[in-house]
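Below is one structure, written out as C-alpha cells, with a few remarks after it.
What you are looking at is a predicted structure, and each value in this text was computed from that prediction instead of being measured. What's counted below: heavy atoms across the whole structure, side chains too, no hydrogens, waters or symmetry copies.
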Amino acid sequence: MTSGSVPTDYALYMRTDELLALQRTPEEWVHPDEPLFQITHQSTELWLKLATTQLHRAVEEAGAGRAGHAELLVRRAATVLRLIIGQLEILRHLTPAGFARLRPALGSGSGAESPGWQGLRQAARALGRTFDLQLAAAGLDLTELYRGDPTDGLHRLAEAMVELDERIALWRTEHYKIATRIIGHAVLGTQGTPVDTLARLIAHKLFPRLWAVRTQITEAGR
C-alpha cells in the first residue's frame with residue numbers, strides 16, 4: 001500500500017504489508033535477478049508450510065482410525081509438491097553469470113537448511129510411524145495389505161504416501177537438473193558439498209517399506 005492509504009480487509013487478513021516487505025529492496029540487490037531467486041524460495045517455504053500442516057492433520061486422522069480422511073490430506077500435500085515443482089521452472093531464467101553474481105549473498109546458505117523441508121520430513125516420518133501402528137492394529141503386514149482390496153482405507157493411504165514420496169523425488173530431480181543447468185557439474189555448492197550429491201538424494205525414500213513391498217510381490221510372482 002502507498003503511504004497514507006487505508007488498509008483493505010484483504011490486505012489486513014493476508015498481511016500483505018509484512019509479506020511484501022520480506023524481500024531485499026532494490027538498493028540491496030547484488031543482481032537484478034535476486035528477487036526472482038528469493039521470491040521463488042520464499043514461496044516454496046510457504047507451500048512447504050502448508051504441506052506440513054496437512055501431514056500433521058493426516059497423522060491425527062490416521063491415529064484415530066480414519067484412514068480415508070488421512071488419505072485426502074496426504075494427497076493435498078502431494079499436490080503442494082507438484083506446485084512446488086512447477087514453480088521451479090522460473091529458475092531456468094537465471095543465467096550462470098547472473099547467479100554467480102548473486103550467489104555470494106547466500107553466504108553458506110543451502111536448501112538443506114530449509115525449515116519447510118525439515119518440517120515436512122519430520123511430519124512424514126510421524127505419518128509413517130502412525131501408519132505402521134494402524135497396520136499392526138489391523139493385524140496385517142504390507143504384503144497382505146497390498147494383496148488385498150485396493151479400496152481399503154489403509155491401502156489407499158499407503159498409495160497416497162507413495163505418491164507424496166514420488167513427488168519429493170521428482171522435486172529433487174528437477175532441482176538437480178536446474179542446479180546443474182545454472183552452475184554446472186563437478187562444482188561445490190554453497191556449503192562445500194559437490195552439486196552432484198543432489199543426484200544421489202533422488203533415490204532416497206521417506207517410506208522405503210512401501211516401495212520394497214512392490215519388489216517382494218513382483219519377485220514372489222515369478
Side-chain angles (χ1 to χ4, degrees), residues 10 13-16 18-20 22-23 35-64 66-94 106 109-132 134 150 153-179 181-182 198-211 214:
Y10 175 87
Y13 179 77
M14 297 297 177
R15 302 179 67 176
T16 53
E18 296 98 320
L19 181 65
L20 300 178
L22 295 176
Q23 294 74 48
L36 183 156
F37 185 80
Q38 190 174 37
I39 290 172
T40 299
H41 286 80
Q42 286 181 338
S43 59
T44 295
E45 291 296 330
L46 290 174
W47 282 122
L48 289 171
K49 180 179 180 179
L50 175 60
T52 300
T53 64
Q54 303 309 295
L55 292 184
H56 281 309
R57 290 178 59 194
V59 170
E60 294 177 2
E61 295 292 343
R66 295 187 289 269
H69 290 77
E71 177 211 347
L72 294 176
L73 291 163
V74 176
R75 292 198 186 278
R76 281 190 193 178
T79 299
V80 168
L81 266 294
R82 180 171 60 82
L83 296 172
I84 289 174
I85 294 168
Q87 75 176 25
L88 285 177
E89 184 69 24
I90 192 65
L91 293 180
R92 284 189 163 83
H93 292 271
L94 284 175
L106 295 173
S110 165
E113 300 171 336
S114 161
W117 165 240
Q118 298 299 331
L120 178 71
R121 186 167 60 177
Q122 291 170 11
R125 286 174 174 168
L127 177 62
R129 291 191 295 269
T130 302
F131 173 82
D132 288 342
Q134 291 300 308
L154 280 176
H155 188 285
R156 291 178 60 86
L157 174 57
E159 285 299 277
M161 293 163 65
V162 168
E163 180 182 353
L164 177 68
D165 221 349
E166 184 178 31
R167 294 288 181 190
I168 290 172
L170 292 172
W171 177 32
R172 283 173 159 155
T173 301
E174 186 72 356
H175 180 212
Y176 170 68
K177 297 304 292 183
I178 288 175
R181 175 187 174 122
I182 295 172
L198 295 173
R200 294 195 291 273
L201 291 175
I202 293 171
H204 183 268
K205 295 174 175 60
L206 288 174
F207 311 114
R209 291 178 63 241
L210 295 181
W211 295 93
R214 288 157 162 73

Exercise. Side chain to side chain contact (heavy atoms under 4.5 Å, CB included) between I168 and W117: does it pass, once the steps are laid out?
Worked result: CA-CA 10 Å; I168 290 172; W117 165 240; 3.9 Å; yes

Problem set entry | Intermediate values then yes/no, side chain to side chain contact (heavy atoms under 4.5 Å, CB included), E71 and E61 | CA-CA 9 Å; E71 177 211 347; E61 295 292 343; over 6 Å; no

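Looking at E163, its side chain never comes within 3.5 Å of a backbone N or O of A78 through a donor-acceptor pair. Of the possible polar contacts, one joining the H41 side chain to the F37 backbone as a donor-acceptor pair under 3.5 Å is found.
Contact check for L46 versus L50: no side-chain heavy atoms found under the 4.5 Å cut-off. T44 is listed as a side-chain neighbour of W171, based on a closest heavy-atom distance under 4.5 Å. Side-chain contact check for Q134 versus L157: every heavy-atom pair is 4.5 Å or farther apart. Under the 4.5 Å side-chain criterion, counting only non-hydrogen atoms from C-beta, T16 is in contact with Y10.
Scanning all heavy atoms of the two residues, the minimum distance from Q38 to Q23 falls at OE1-CA, 3.4 Å. Closest heavy-atom contact between S43 and Q87: OG-NE2, 3.0 Å. The shortest heavy-atom contact between W47 and V80 is O-CG1, 3.1 Å. Considering every non-hydrogen atom in both T130 and G63, the closest pair reads CG2-N, 3.5 Å. Between L164 and L81, the shortest heavy-atom contact is CD1-CD2, 4.1 Å. Across T52 and G116, no two heavy atoms sit closer than the pair OG1-O, 3.9 Å.
Rounding to the nearest 0.5 Å places CZ of R92 at 6.0 Å from CZ of R181. Between atom CD1 of residue I90 and atom OG1 of residue T40 there is a gap of 6.5 Å, rounded to the nearest 0.5 Å. Q118 CD to L48 CG: the interatomic distance, rounded to the nearest 0.5 Å, is 10.5 Å. Put simply, NZ on K205 and CG on L210 are 11.5 Å apart, with the number rounded to the nearest 0.5 Å. For the atom pair Q54 CD and L120 CG, the distance stands at 11.5 Å (nearest 0.5 Å). Here the straight-line distance linking atom CG of L127 with atom CE of M161 works out to 4.0 Å at 0.5 Å rounding.
Taking 4.0 Å as the cut-off between side-chain N and carboxylate O, E60 and R57 do not count as a salt-bridged pair. A salt bridge is defined here as a Lys NZ or Arg NE, NH1 or NH2 lying under 4.0 Å from an Asp or Glu carboxylate O, and R214 with E159 meets this definition. Between K49 and E45 there is no salt bridge, since no side-chain N of the basic residue sits under 4.0 Å from a carboxylate O of the acidic one.
Judged purely by distance below 3.5 Å, without hydrogens or angles, the side chains of Q122 and R125 never pair a donor atom with an acceptor atom.
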